[in-house]
Amino acid sequence: MFAKKKVIKPFEKKVYLSSPTMHGDELKYMKEAFETNWMSTIGENINEVESIAAAEAGVKYAVALCNCTSALHLCCKVAGEKLYGKPAIGHGALEGKRVFCSDMTFDATVNPVVYEGGIPVFIDTDYASWNMDPIALEKAFELYPDVKLVVFAELYGFPGRVDLIKKICEEHGALLIEDAAEAMGATLNGKKCGSFGDFGAISYNGNKIITGSSGGCLLTDDIEVANAIRKWSTQARENAPWYQHKELGYNYRMSNVIAGVIRGQYPFLEQHITQKKAIYERYKEGLKGLPIQMNPIIDNTKPNYWLSALVVEKEYMCKQVRGDLKVSYVPEKGKTCPTEILDAISSINAEGRPIWKPMHMQPIYKESEFVGREGFVKHNGITDATKKMVDIGADIFNRGCCLPSDNKMTIEEQDRIIEAIRGCFE
Ligand SMILES: *Cc1c(COP(=O)(O)O)cnc(C)c1O
(Lines give C-alpha, C1' and ligand atoms only; values in the text may rest on other atoms or scores of the structure.)
Protein backbone atom coordinates (compact mmCIF):
# COMPACT_ATOMS: atom_id res chain seq x y z
CA MET A 1 0.00 0.00 0.00
CA PHE A 2 1.13 3.55 -0.68
CA ALA A 3 2.57 5.23 2.38
CA LYS A 4 4.03 8.65 3.00
CA LYS A 5 7.59 8.46 4.16
CA LYS A 6 8.13 11.60 6.16
CA VAL A 7 9.37 10.72 9.66
CA ILE A 8 9.47 13.51 12.24
CA LYS A 9 10.92 13.07 15.68
CA PRO A 10 8.17 12.86 18.34
CA PHE A 11 8.06 15.38 21.19
CA GLU A 12 9.34 14.13 24.51
CA LYS A 13 6.61 16.02 26.30
CA LYS A 14 3.15 15.75 24.80
CA VAL A 15 1.71 18.84 23.12
CA TYR A 16 -1.94 19.01 24.15
CA LEU A 17 -4.94 20.28 22.25
CA SER A 18 -5.57 22.87 24.95
CA SER A 19 -4.45 22.44 28.55
CA PRO A 20 -4.73 24.62 31.66
CA THR A 21 -2.19 27.46 32.04
CA MET A 22 -1.76 28.66 35.61
CA HIS A 23 -0.02 31.88 36.61
CA GLY A 24 0.27 32.00 40.40
CA ASP A 25 -2.54 34.09 41.82
CA GLU A 26 -4.88 31.13 41.41
CA LEU A 27 -3.09 29.49 44.32
CA LYS A 28 -3.17 32.68 46.37
CA TYR A 29 -6.98 32.90 46.14
CA MET A 30 -7.39 29.16 46.77
CA LYS A 31 -5.22 29.54 49.84
CA GLU A 32 -7.28 32.48 51.01
CA ALA A 33 -10.36 30.26 50.86
CA PHE A 34 -8.47 27.66 52.89
CA GLU A 35 -7.08 30.03 55.46
CA THR A 36 -10.35 31.86 56.04
CA ASN A 37 -12.11 28.47 56.11
CA TRP A 38 -14.56 29.40 53.33
CA MET A 39 -14.16 25.87 51.97
CA SER A 40 -17.71 26.00 50.79
CA THR A 41 -20.09 27.19 48.11
CA ILE A 42 -20.17 30.60 49.79
CA GLY A 43 -17.32 33.07 49.91
CA GLU A 44 -15.39 36.03 48.62
CA ASN A 45 -14.00 34.26 45.55
CA ILE A 46 -17.47 33.36 44.30
CA ASN A 47 -18.68 36.94 44.74
CA GLU A 48 -15.61 38.21 42.88
CA VAL A 49 -16.02 35.72 40.02
CA GLU A 50 -19.63 36.78 39.61
CA SER A 51 -18.78 40.44 39.38
CA ILE A 52 -15.74 39.91 37.12
CA ALA A 53 -17.61 37.51 34.81
CA ALA A 54 -20.56 39.90 34.42
CA ALA A 55 -18.30 42.90 33.76
CA GLU A 56 -16.13 40.95 31.34
CA ALA A 57 -19.12 39.66 29.35
CA GLY A 58 -20.93 43.01 29.42
CA VAL A 59 -24.04 41.70 31.18
CA LYS A 60 -25.60 42.80 34.44
CA TYR A 61 -25.48 39.50 36.32
CA ALA A 62 -23.44 36.32 36.38
CA VAL A 63 -24.35 33.36 38.57
CA ALA A 64 -21.43 31.10 39.46
CA LEU A 65 -22.21 27.40 38.98
CA CYS A 66 -20.33 24.11 39.14
CA ASN A 67 -19.99 23.91 35.34
CA CYS A 68 -21.39 25.26 32.09
CA THR A 69 -23.64 22.25 31.55
CA SER A 70 -25.55 23.05 34.75
CA ALA A 71 -25.72 26.70 33.64
CA LEU A 72 -27.27 25.57 30.35
CA HIS A 73 -29.66 23.32 32.24
CA LEU A 74 -30.89 26.21 34.36
CA CYS A 75 -31.09 28.40 31.21
CA CYS A 76 -33.44 25.80 29.72
CA LYS A 77 -35.46 25.57 32.91
CA VAL A 78 -35.89 29.32 33.32
CA ALA A 79 -36.66 29.79 29.62
CA GLY A 80 -39.19 26.94 29.72
CA GLU A 81 -40.94 28.34 32.79
CA LYS A 82 -41.08 31.83 31.25
CA LEU A 83 -42.58 30.43 28.06
CA TYR A 84 -44.82 27.64 29.29
CA GLY A 85 -45.24 28.11 33.05
CA LYS A 86 -44.11 25.95 35.94
CA PRO A 87 -44.34 22.25 35.16
CA ALA A 88 -46.12 19.80 37.43
CA ILE A 89 -43.89 17.50 39.51
CA GLY A 90 -42.33 14.84 37.34
CA HIS A 91 -42.42 16.97 34.21
CA GLY A 92 -39.80 19.17 32.53
CA ALA A 93 -40.21 22.85 31.78
CA LEU A 94 -39.85 22.19 28.04
CA GLU A 95 -41.82 18.96 27.99
CA GLY A 96 -42.94 18.02 24.52
CA LYS A 97 -41.81 21.34 23.07
CA ARG A 98 -39.51 21.62 20.04
CA VAL A 99 -36.35 23.66 20.54
CA PHE A 100 -34.12 24.76 17.64
CA CYS A 101 -30.50 23.88 18.45
CA SER A 102 -27.01 24.27 17.02
CA ASP A 103 -25.98 21.03 15.35
CA MET A 104 -22.21 21.11 15.06
CA THR A 105 -21.29 21.48 18.71
CA PHE A 106 -20.49 19.56 21.89
CA ASP A 107 -23.48 17.55 23.12
CA ALA A 108 -23.47 19.53 26.39
CA THR A 109 -25.09 22.35 24.36
CA VAL A 110 -28.11 20.21 23.60
CA ASN A 111 -28.50 17.64 26.40
CA PRO A 112 -29.93 20.22 28.86
CA VAL A 113 -32.87 20.76 26.48
CA VAL A 114 -33.62 17.07 26.93
CA TYR A 115 -33.13 17.24 30.72
CA GLU A 116 -36.14 19.57 30.69
CA GLY A 117 -38.14 17.30 28.39
CA GLY A 118 -37.62 19.38 25.23
CA ILE A 119 -37.31 17.95 21.72
CA PRO A 120 -34.24 19.26 19.94
CA VAL A 121 -34.55 20.11 16.25
CA PHE A 122 -31.10 20.56 14.80
CA ILE A 123 -30.31 23.50 12.54
CA ASP A 124 -27.56 23.13 9.97
CA THR A 125 -24.28 25.02 9.93
CA ASP A 126 -23.07 27.48 7.27
CA TYR A 127 -19.72 27.44 5.54
CA ALA A 128 -19.25 31.17 6.08
CA SER A 129 -19.03 30.93 9.86
CA TRP A 130 -19.09 27.21 10.85
CA ASN A 131 -21.90 28.21 13.23
CA MET A 132 -25.70 27.87 13.05
CA ASP A 133 -26.93 29.08 9.67
CA PRO A 134 -29.40 31.98 10.11
CA ILE A 135 -31.03 31.09 6.78
CA ALA A 136 -31.62 27.52 7.94
CA LEU A 137 -33.06 28.90 11.19
CA GLU A 138 -35.51 31.05 9.19
CA LYS A 139 -36.48 27.92 7.29
CA ALA A 140 -37.06 26.07 10.55
CA PHE A 141 -39.41 28.83 11.76
CA GLU A 142 -41.34 28.47 8.48
CA LEU A 143 -41.76 24.77 9.24
CA TYR A 144 -42.52 25.25 12.93
CA PRO A 145 -43.79 28.79 13.58
CA ASP A 146 -44.74 27.88 17.15
CA VAL A 147 -41.21 27.17 18.37
CA LYS A 148 -40.30 29.57 21.15
CA LEU A 149 -36.71 28.70 22.07
CA VAL A 150 -33.38 28.58 20.25
CA VAL A 151 -30.07 27.29 21.65
CA PHE A 152 -27.05 28.64 19.82
CA ALA A 153 -23.40 27.73 20.45
CA GLU A 154 -20.31 29.50 19.15
CA LEU A 155 -17.80 27.07 17.64
CA TYR A 156 -14.17 27.04 18.81
CA GLY A 157 -14.27 30.70 19.83
CA PHE A 158 -15.05 32.04 16.35
CA PRO A 159 -18.34 33.96 16.53
CA GLY A 160 -21.11 33.29 14.02
CA ARG A 161 -24.01 35.61 13.26
CA VAL A 162 -25.54 35.45 16.71
CA ASP A 163 -26.77 39.03 16.12
CA LEU A 164 -28.90 37.82 13.19
CA ILE A 165 -29.97 34.75 15.13
CA LYS A 166 -31.19 37.02 17.96
CA LYS A 167 -33.07 39.20 15.48
CA ILE A 168 -34.78 36.17 13.95
CA CYS A 169 -35.73 34.98 17.45
CA GLU A 170 -37.25 38.37 18.24
CA GLU A 171 -39.26 38.34 15.00
CA HIS A 172 -40.77 35.03 16.06
CA GLY A 173 -41.23 35.86 19.73
CA ALA A 174 -38.66 33.23 20.68
CA LEU A 175 -36.08 33.32 23.46
CA LEU A 176 -32.38 32.70 22.81
CA ILE A 177 -29.96 30.73 24.95
CA GLU A 178 -26.36 31.46 23.97
CA ASP A 179 -23.82 28.75 24.79
CA ALA A 180 -20.60 30.77 24.79
CA ALA A 181 -18.63 28.00 26.54
CA GLU A 182 -15.92 28.13 23.88
CA ALA A 183 -16.14 31.82 23.08
CA MET A 184 -15.35 33.69 26.30
CA GLY A 185 -13.81 37.05 25.44
CA ALA A 186 -14.70 36.88 21.73
CA THR A 187 -16.77 39.72 20.27
CA LEU A 188 -19.17 40.43 17.41
CA ASN A 189 -19.75 44.11 16.54
CA GLY A 190 -17.77 44.96 19.68
CA LYS A 191 -20.21 43.04 21.91
CA LYS A 192 -19.06 40.04 23.92
CA CYS A 193 -20.19 36.51 23.14
CA GLY A 194 -22.45 35.33 25.92
CA SER A 195 -24.27 38.68 26.02
CA PHE A 196 -26.44 38.23 22.90
CA GLY A 197 -28.87 35.69 24.26
CA ASP A 198 -31.69 36.23 26.73
CA PHE A 199 -29.61 33.84 28.82
CA GLY A 200 -25.96 32.97 28.30
CA ALA A 201 -23.52 30.40 29.62
CA ILE A 202 -19.73 30.29 29.84
CA SER A 203 -17.38 27.50 30.91
CA TYR A 204 -14.23 27.22 33.01
CA ASN A 205 -13.68 23.56 32.10
CA GLY A 206 -10.05 22.45 32.12
CA ASN A 207 -9.45 22.84 28.40
CA LYS A 208 -11.24 26.16 27.87
CA ILE A 209 -9.49 29.51 27.30
CA ILE A 210 -9.34 30.15 31.05
CA THR A 211 -10.17 27.52 33.64
CA GLY A 212 -10.99 26.78 37.24
CA SER A 213 -10.47 23.05 36.59
CA SER A 214 -14.25 23.16 36.29
CA GLY A 215 -16.96 25.76 36.73
CA GLY A 216 -19.34 27.89 34.73
CA CYS A 217 -21.49 31.00 34.89
CA LEU A 218 -25.00 31.76 33.78
CA LEU A 219 -25.25 35.28 32.30
CA THR A 220 -28.34 37.47 32.26
CA ASP A 221 -29.49 41.09 32.43
CA ASP A 222 -32.57 40.13 34.44
CA ILE A 223 -32.17 40.37 38.21
CA GLU A 224 -35.17 38.14 38.85
CA VAL A 225 -33.64 35.44 36.68
CA ALA A 226 -30.30 35.80 38.46
CA ASN A 227 -32.00 35.49 41.85
CA ALA A 228 -34.07 32.48 40.77
CA ILE A 229 -31.00 30.71 39.41
CA ARG A 230 -28.99 31.40 42.56
CA LYS A 231 -31.82 29.95 44.63
CA TRP A 232 -32.39 26.87 42.43
CA SER A 233 -28.67 26.14 42.33
CA THR A 234 -28.51 25.97 46.14
CA GLN A 235 -31.37 23.49 46.67
CA ALA A 236 -34.16 26.09 46.37
CA ARG A 237 -34.51 26.82 50.06
CA GLU A 238 -37.16 29.28 51.12
CA ASN A 239 -36.45 31.97 53.66
CA ALA A 240 -37.74 30.08 56.71
CA PRO A 241 -36.37 28.81 60.05
CA TRP A 242 -36.29 25.26 58.65
CA TYR A 243 -35.67 23.63 55.29
CA GLN A 244 -38.74 24.83 53.42
CA HIS A 245 -39.14 24.00 49.72
CA LYS A 246 -41.62 25.46 47.27
CA GLU A 247 -39.56 24.78 44.15
CA LEU A 248 -37.38 22.03 42.76
CA GLY A 249 -33.77 22.54 43.83
CA TYR A 250 -30.36 21.60 42.47
CA ASN A 251 -26.87 21.38 43.91
CA TYR A 252 -25.20 23.35 41.14
CA ARG A 253 -23.34 26.14 42.98
CA MET A 254 -19.67 26.82 42.35
CA SER A 255 -17.14 25.97 45.06
CA ASN A 256 -15.28 28.89 46.64
CA VAL A 257 -11.99 27.01 46.10
CA ILE A 258 -12.63 26.60 42.37
CA ALA A 259 -13.74 30.24 42.26
CA GLY A 260 -10.30 31.14 43.61
CA VAL A 261 -8.68 29.54 40.58
CA ILE A 262 -11.04 31.32 38.20
CA ARG A 263 -10.49 34.65 39.98
CA GLY A 264 -6.76 34.23 39.46
CA GLN A 265 -7.23 33.33 35.78
CA TYR A 266 -9.42 36.24 34.63
CA PRO A 267 -6.60 38.82 34.46
CA PHE A 268 -4.93 36.49 31.91
CA LEU A 269 -7.88 36.07 29.57
CA GLU A 270 -6.60 38.68 27.13
CA GLN A 271 -3.10 37.22 27.25
CA HIS A 272 -4.44 33.76 26.46
CA ILE A 273 -6.42 35.16 23.54
CA THR A 274 -3.28 36.86 22.19
CA GLN A 275 -1.37 33.57 22.46
CA LYS A 276 -4.16 31.58 20.79
CA LYS A 277 -4.35 34.17 18.02
CA ALA A 278 -0.62 33.84 17.38
CA ILE A 279 -1.04 30.05 17.16
CA TYR A 280 -3.85 30.43 14.61
CA GLU A 281 -1.81 32.87 12.55
CA ARG A 282 1.28 30.65 12.59
CA TYR A 283 -0.82 27.75 11.29
CA LYS A 284 -2.30 30.00 8.64
CA GLU A 285 1.18 31.06 7.51
CA GLY A 286 2.77 27.62 7.85
CA LEU A 287 0.01 25.83 5.95
CA LYS A 288 -0.08 28.44 3.16
CA GLY A 289 -0.43 26.93 -0.29
CA LEU A 290 -2.01 23.71 0.96
CA PRO A 291 -5.57 22.93 -0.20
CA ILE A 292 -7.10 23.65 3.20
CA GLN A 293 -9.22 26.28 4.85
CA MET A 294 -8.93 27.30 8.50
CA ASN A 295 -11.70 28.46 10.86
CA PRO A 296 -13.47 31.29 9.04
CA ILE A 297 -13.39 34.75 10.64
CA ILE A 298 -16.44 36.76 9.68
CA ASP A 299 -16.56 40.56 9.44
CA ASN A 300 -16.72 42.64 12.61
CA THR A 301 -15.71 39.77 14.87
CA LYS A 302 -12.82 39.29 17.22
CA PRO A 303 -12.49 35.55 17.89
CA ASN A 304 -10.80 34.23 21.01
CA TYR A 305 -9.08 31.64 18.75
CA TRP A 306 -9.65 28.86 21.32
CA LEU A 307 -9.04 26.00 18.89
CA SER A 308 -7.41 26.29 15.48
CA ALA A 309 -9.04 23.92 12.99
CA LEU A 310 -8.81 23.15 9.29
CA VAL A 311 -10.88 21.51 6.57
CA VAL A 312 -9.29 19.76 3.59
CA GLU A 313 -10.63 20.92 0.21
CA LYS A 314 -12.99 18.39 -1.37
CA GLU A 315 -10.80 17.53 -4.36
CA TYR A 316 -7.86 16.77 -2.08
CA MET A 317 -9.66 14.30 0.17
CA CYS A 318 -8.46 10.70 0.03
CA LYS A 319 -10.96 7.94 0.75
CA GLN A 320 -11.99 7.95 4.42
CA VAL A 321 -14.70 5.71 5.87
CA ARG A 322 -16.18 6.44 9.28
CA GLY A 323 -18.40 3.89 11.02
CA ASP A 324 -20.08 4.55 14.36
CA LEU A 325 -16.94 3.78 16.37
CA LYS A 326 -14.13 3.19 13.89
CA VAL A 327 -12.49 4.87 10.96
CA SER A 328 -10.26 3.82 8.09
CA TYR A 329 -8.74 5.60 5.13
CA VAL A 330 -6.73 4.85 2.03
CA PRO A 331 -3.53 6.92 1.77
CA GLU A 332 -3.16 8.54 -1.61
CA LYS A 333 -0.43 10.63 -3.20
CA GLY A 334 -1.17 14.35 -3.06
CA LYS A 335 -4.34 13.80 -1.04
CA THR A 336 -5.21 13.37 2.61
CA CYS A 337 -8.06 13.35 5.15
CA PRO A 338 -8.57 14.38 8.81
CA THR A 339 -7.83 10.84 10.00
CA GLU A 340 -4.43 10.82 8.32
CA ILE A 341 -3.68 14.32 9.64
CA LEU A 342 -4.70 13.33 13.19
CA ASP A 343 -2.56 10.18 12.90
CA ALA A 344 0.41 12.27 11.78
CA ILE A 345 -0.13 14.66 14.69
CA SER A 346 -0.40 11.89 17.27
CA SER A 347 2.63 10.09 15.77
CA ILE A 348 4.76 13.00 17.01
CA ASN A 349 3.11 12.98 20.45
CA ALA A 350 0.76 15.89 19.89
CA GLU A 351 -2.99 16.03 20.29
CA GLY A 352 -5.55 16.97 17.63
CA ARG A 353 -9.23 16.16 17.51
CA PRO A 354 -11.96 15.64 14.91
CA ILE A 355 -14.47 18.46 14.47
CA TRP A 356 -17.47 17.99 16.81
CA LYS A 357 -19.52 15.22 15.26
CA PRO A 358 -22.82 16.94 14.44
CA MET A 359 -25.69 16.15 16.77
CA HIS A 360 -27.96 14.95 13.95
CA MET A 361 -25.37 12.22 13.23
CA GLN A 362 -25.21 11.02 16.84
CA PRO A 363 -26.92 7.72 17.66
CA ILE A 364 -28.64 9.31 20.67
CA TYR A 365 -30.31 11.88 18.40
CA LYS A 366 -30.90 9.64 15.41
CA GLU A 367 -34.65 10.17 15.56
CA SER A 368 -34.32 13.95 15.79
CA GLU A 369 -35.23 16.32 13.00
CA PHE A 370 -32.58 18.24 11.12
CA VAL A 371 -33.24 21.36 9.07
CA GLY A 372 -31.04 23.00 6.45
CA ARG A 373 -31.53 25.92 4.09
CA GLU A 374 -33.68 23.79 1.80
CA GLY A 375 -35.94 22.53 4.57
CA PHE A 376 -35.95 19.17 6.32
CA VAL A 377 -32.84 17.12 5.71
CA LYS A 378 -34.04 14.56 8.24
CA HIS A 379 -37.67 14.11 9.19
CA ASN A 380 -39.50 11.22 10.87
CA GLY A 381 -36.17 9.44 11.25
CA ILE A 382 -35.61 9.42 7.48
CA THR A 383 -32.85 11.31 5.72
CA ASP A 384 -33.92 12.98 2.50
CA ALA A 385 -31.44 11.53 0.00
CA THR A 386 -31.85 14.49 -2.33
CA LYS A 387 -30.70 16.78 0.48
CA LYS A 388 -27.70 14.79 1.66
CA MET A 389 -25.68 17.06 -0.57
CA VAL A 390 -26.62 20.07 1.49
CA ASP A 391 -25.74 18.55 4.87
CA ILE A 392 -23.04 21.08 5.64
CA GLY A 393 -22.35 19.87 9.19
CA ALA A 394 -21.64 16.35 7.94
CA ASP A 395 -19.33 17.75 5.26
CA ILE A 396 -17.28 19.90 7.66
CA PHE A 397 -17.08 16.97 10.09
CA ASN A 398 -15.91 14.69 7.29
CA ARG A 399 -13.20 17.04 6.05
CA GLY A 400 -12.14 18.86 9.20
CA CYS A 401 -10.05 18.53 12.34
CA CYS A 402 -8.83 20.61 15.30
CA LEU A 403 -5.11 21.21 15.59
CA PRO A 404 -2.97 21.30 18.74
CA SER A 405 -3.77 24.76 20.13
CA ASP A 406 -2.12 24.77 23.52
CA ASN A 407 -0.87 28.21 24.50
CA LYS A 408 2.27 26.70 26.01
CA MET A 409 3.28 25.13 22.67
CA THR A 410 6.59 26.58 21.46
CA ILE A 411 7.19 27.93 17.95
CA GLU A 412 9.55 25.00 17.31
CA GLU A 413 6.92 22.50 18.36
CA GLN A 414 4.32 24.14 16.18
CA ASP A 415 6.74 24.16 13.24
CA ARG A 416 7.15 20.41 13.59
CA ILE A 417 3.37 19.94 13.72
CA ILE A 418 3.05 22.04 10.57
CA GLU A 419 5.71 19.89 8.92
CA ALA A 420 3.80 16.74 9.88
CA ILE A 421 0.59 18.15 8.40
CA ARG A 422 2.40 19.19 5.21
CA GLY A 423 3.74 15.64 4.93
CA CYS A 424 0.18 14.34 4.64
CA PHE A 425 -0.30 16.23 1.37
CA GLU A 426 2.81 14.75 -0.27
C1 LIG B 1 -17.15 22.72 27.12
C2 LIG B 1 -18.49 22.99 26.56
C3 LIG B 1 -19.64 22.89 27.34
C4 LIG B 1 -19.66 22.30 28.72
O5 LIG B 1 -18.92 22.99 29.63
P6 LIG B 1 -18.69 22.35 31.10
O7 LIG B 1 -18.23 23.51 31.90
O8 LIG B 1 -17.64 21.29 30.94
O9 LIG B 1 -19.98 21.80 31.57
C10 LIG B 1 -20.85 23.25 26.78
N11 LIG B 1 -20.93 23.67 25.51
C12 LIG B 1 -19.86 23.75 24.72
C13 LIG B 1 -20.01 24.26 23.33
C14 LIG B 1 -18.59 23.40 25.20
O15 LIG B 1 -17.53 23.45 24.40
Side-chain angles (χ1 to χ4, degrees), residues 16-20 46 49 53 57 62-77 99 101-116 120 122-123 125 129-132 150-160 162 165 176-186 193-194 196-197 199-219 229 233 250-255 258-259 261-262 265-266 269 272 276 295 303-309 353-359 362 364-365 393 396-397 400 402 405:
Y16 288 100
L17 183 76
S18 180
S19 71
I46 297 174
V49 164
V63 183
L65 300 171
C66 57
N67 52 45
C68 178
T69 308
S70 60
L72 288 163
H73 181 190
L74 297 183
C75 284
C76 287
K77 181 181 164 82
V99 177
C101 299
S102 282
D103 177 57
M104 203 170 71
T105 181
F106 187 33
D107 72 344
T109 304
V110 178
N111 290 344
V113 169
V114 181
Y115 301 163
E116 285 302 319
F122 299 112
I123 308 299
T125 305
S129 73
W130 293 7
N131 281 275
M132 183 193 281
V150 174
V151 182
F152 172 94
E154 277 97 4
L155 187 81
Y156 302 145
F158 293 74
V162 65
I165 301 282
L176 176 66
I177 295 173
E178 185 186 7
D179 176 2
E182 303 175 6
M184 196 192 301
C193 291
F196 286 87
F199 318 104
I202 48 176
S203 172
Y204 310 103
N205 170 308
N207 73 6
K208 296 298 192 315
I209 190 119
I210 60 168
T211 182
S213 73
S214 65
C217 273
L218 185 148
L219 308 174
I229 300 293
S233 71
Y250 301 81
N251 185 7
Y252 279 175
R253 195 73 166 138
M254 182 183 282
S255 141
I258 299 280
V261 185
I262 298 165
Q265 285 265 287
Y266 257 112
L269 175 58
H272 288 192
K276 296 269 187 182
N295 324 50
N304 73 5
Y305 301 88
W306 176 54
L307 291 186
S308 290
R353 185 197 269 174
I355 299 283
W356 295 129
K357 182 174 180 173
M359 290 301 110
Q362 300 286 356
I364 179 177
Y365 293 120
I396 296 176
F397 171 62
C402 301
S405 304

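In this chain, numbering begins with 1 at the start of the sequence shown. All figures in this text were calculated on a predicted structure; none of them were measured in a lab. Indexing begins at 1, ligand by ligand and atom by atom, following the structure's order.
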Write none if no such pair exists; otherwise list each N/O atom of ligand 1 with its protein N/O partner under 3.5 Å and the distance.
residue, atom, partner, partner atom, Å
ligand 1, 5 (O), Ser203, OG, 3.3
ligand 1, 7 (O), Cys68, N, 2.8
ligand 1, 7 (O), Ser203, OG, 2.7
ligand 1, 8 (O), Asn205, ND2, 2.9
ligand 1, 9 (O), Cys68, N, 3.2
ligand 1, 9 (O), Thr69, N, 2.9
ligand 1, 9 (O), Thr69, OG1, 2.5
ligand 1, 11 (N), Asp179, OD1, 3.4
ligand 1, 11 (N), Asp179, OD2, 2.7
ligand 1, 15 (O), Glu182, OE2, 2.6
ligand 1, 15 (O), Lys208, NZ, 3.3

Report, one line per pair, each donor and acceptor closer than 3.5 Å where one atom sits in a side chain of residues 64-71; sequence neighbours left out.
residue, atom, partner, partner atom, Å
Asn67, OD1, Thr69, N, 3.3
Asn67, OD1, Ser70, N, 2.7
Asn67, OD1, Ser70, OG, 3.0
Ser70, OG, Asn67, O, 2.9

> Any chance the rings of Tyr305 and Phe158 have centres within less than 6.0 Å?
Replying inline: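 Ring-ring flag for Tyr305/Phe158: true, centres closer than 6.0 Å.
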> What heavy-atom pair brings Met132 and Ile165 nearest, and what distance separates the two atoms?
Replying inline: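 That closest heavy-atom pairing would be SD-CD1, 3.7 Å.
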> At their closest point, which heavy atom of Gly157 faces which heavy atom of Ala186, and how far apart are they?
Replying inline: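 So the two residues come closest at O-CB, 3.8 Å.
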> Between Met359 and Thr109, is a side-chain contact (heavy atoms from CB on, under 4.5 Å) present by the stated rule, with each step listed?
Replying inline: CA-CA 10 Å; Met359 290 301 110; Thr109 304; over 6 Å; no
>> Within the 3.5 Å criterion, strictly below it, is a donor on Glu182 or Trp356 matched to an acceptor on the partner's side chain?
In response: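 On atom types as modelled, these side chains qualify, holding a pair under 3.5 Å.
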